[in-house]
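Chain A is the first sequence line, chain B the second, and so forth, proteins listed ahead of strands; every chain is numbered from 1.
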Amino acid sequence: MKNFLIQFLPPLIPFFLLVAIGEFLSQKGIVAPYILPPPSEVFLSLVTDFQEYIQACKETLGAALLGLLLSAVVGIAAAVMLSLSKWIEKSLYPYATFFQTVPIVSIAPLLVIWFGFGLRTVVISAFIVSIFPVLANTFSGLRATDPALIDLFKLYGASKLDILLKLKLPYAVPHIMTGLKISAGLAMIGAVIGEFIAGGGLGGVIDASRTQQRLDKVFAAVLLASFAGILLVFLLNLISKYFLHKWRELR
Amino acid sequence: MVNECPVTHISLLNVSKSFVNTGCVLSNISIEIKKGDFVVLLGPSGSGKSTLLRLIAGLEADFDGHINFSDAKIFDKSFVFQEPHLMPWRTLLQNTELPLELMKVSKGERVNRATDVLTKVGLKNATHLYPSELSGGMKMRASLARALVAEPELLLMDEPFAALDEHTRFKLSEDLRNLWKQSGMTVVFVTHSVHEACFLANRVLVLSDKPAKIHSDIKINLPDVRTNSLRTESVFSEQLKRVYDSLENTEMNLK
């Protein structure tokens, strides 16, 4: 019980404090409701439009997860390719950093032109924003492999494929997990921004409510989006804990 | 049987090695090592003895001179590093199986042989543990097991016990002597400790400092079967003195 309190109570205190201040400012008329809606209204909207929010949440989380999965597959494969030779690395890695700096907001409209409205564009948006951390971390993990173990593998006549599958990739697992954890949050952002333009999900709700001056709904959806993001990161932490218990020494 | 008719196992002829950064590390080294012998390369830290060992293992390319083996099988060498270098995601048994796995030995035989060799090094009850669950001494035993599992004809060891506490080091040295005795393999062991060299070796090669040359070649006159009680006997101190004198000589030559 005491552990539980120490875990969950401290982060809740600032939350309730902020809510109370917001409510106070709105009720007293210090801040106009079209600038900051009273938290009680946001909460009310969450309750009355519960079904709509749940549906939107599912869509956004689903798109973010798909984007993240795509990032994991493509990112790890690309990192393996880059690690194969210095030439491939030198000629392609600079372009990989494009994904780190790409201003997704400005290319999202392009994505709609290319891939149309709906889930496909949202997933691709999530993928573009989230691939770099997986790629970069996997790559540095592959390169951090213990050189003595590589020597040992060579001594016993291991093939390049053996070295990759039995040594380098397992060695990179903690790095890959770190990359995925960073990517999870980014995938959520990418999905919401994709939905801004392509419609659907929490991003769609935010965009539509904004034009209708329904700030309570905007706030409710933003709150849910960050909550869903936290959920995704939490899920990845669980997975990484499960996988990494054997890797203790490397962390 | 192997020890009774010693034949040359490894011969190095005029071996030299330079690195771009550090310059000449080994200069004109010629050694003949007999099959089944226990040879210790002794020298100050950074004298190039590890490089020499890596050359014999075939882990360094680009050197001058010749290194020949009496029979040129590829897989008959094993290497033990200064640190255990186990794979943290594998259990001890799986770590020990590795050389056999890479040599495409079947799963059943792998498990049997790995279990056997882990028993030999005293880790029978730890086969299912992960490296992070072991002490430093146990990790080094596991590393030794991994090197022995393929039954190498040549075991190369690069200061493997240097990071262990004295008690563990003595125990492992005693066990290593026994394992060598049982197997008939050739051991080349690198160290900077005169004590370790005298206790383990049949023959000590003293290297001079950079660039390394063979300064002296000392036969250790001690019984084949050695236990730790030997360390306090006078015959042992006599050997120590011979090796110490030789080491001092190399330092005199430098000045």
| task | Could you look at F81(B) and say if it's the side chain, the backbone, both or neither that has a heavy atom under 4.5 Å from chain A? | result | side chain
| message | For R146(B), which atoms come within 4.5 Å of any heavy atom of chain A: side chain, backbone, both, or neither? | response | both
Can you confirm whether [X] is buried at [atom1], in the sense that more than 12 heavy atoms of other residues, nucleotides or ligands lie under 6.0 Å from that atom?
{"X": "F19(B)", "atom1": "CZ", "value": "yes"}
{"X": "Q82(B)", "atom1": "CD", "value": "yes"}
{"X": "K104(B)", "atom1": "NZ", "value": "yes"}
{"X": "K181(A)", "atom1": "NZ", "value": "yes"}

Distance, nearest 0.5 Å, that separates [atom1] of [X] from [atom2] of [Y]:
{"X": "D162(A)", "Y": "L98(B)", "atom1": "CG", "atom2": "CG", "result": "9.0 Å"}
{"X": "K166(A)", "Y": "R90(B)", "atom1": "NZ", "atom2": "CZ", "result": "7.0 Å"}
{"X": "M87(B)", "Y": "F153(A)", "atom1": "CE", "atom2": "CZ", "result": "4.5 Å"}
{"X": "L244(A)", "Y": "W89(B)", "atom1": "CG", "atom2": "CH2", "result": "12.0 Å"}
{"X": "D146(A)", "Y": "H85(B)", "atom1": "CG", "atom2": "NE2", "result": "5.0 Å"}

Exercise: identify the closest heavy-atom pair between [X] and [Y]:
{"X": "L86(B)", "Y": "L149(A)", "result": "O-CD1, 4.3 Å"}
{"X": "L155(A)", "Y": "F79(B)", "result": "CD2-CB, 3.5 Å"}
{"X": "S78(B)", "Y": "Y156(A)", "result": "OG-OH, 2.7 Å"}

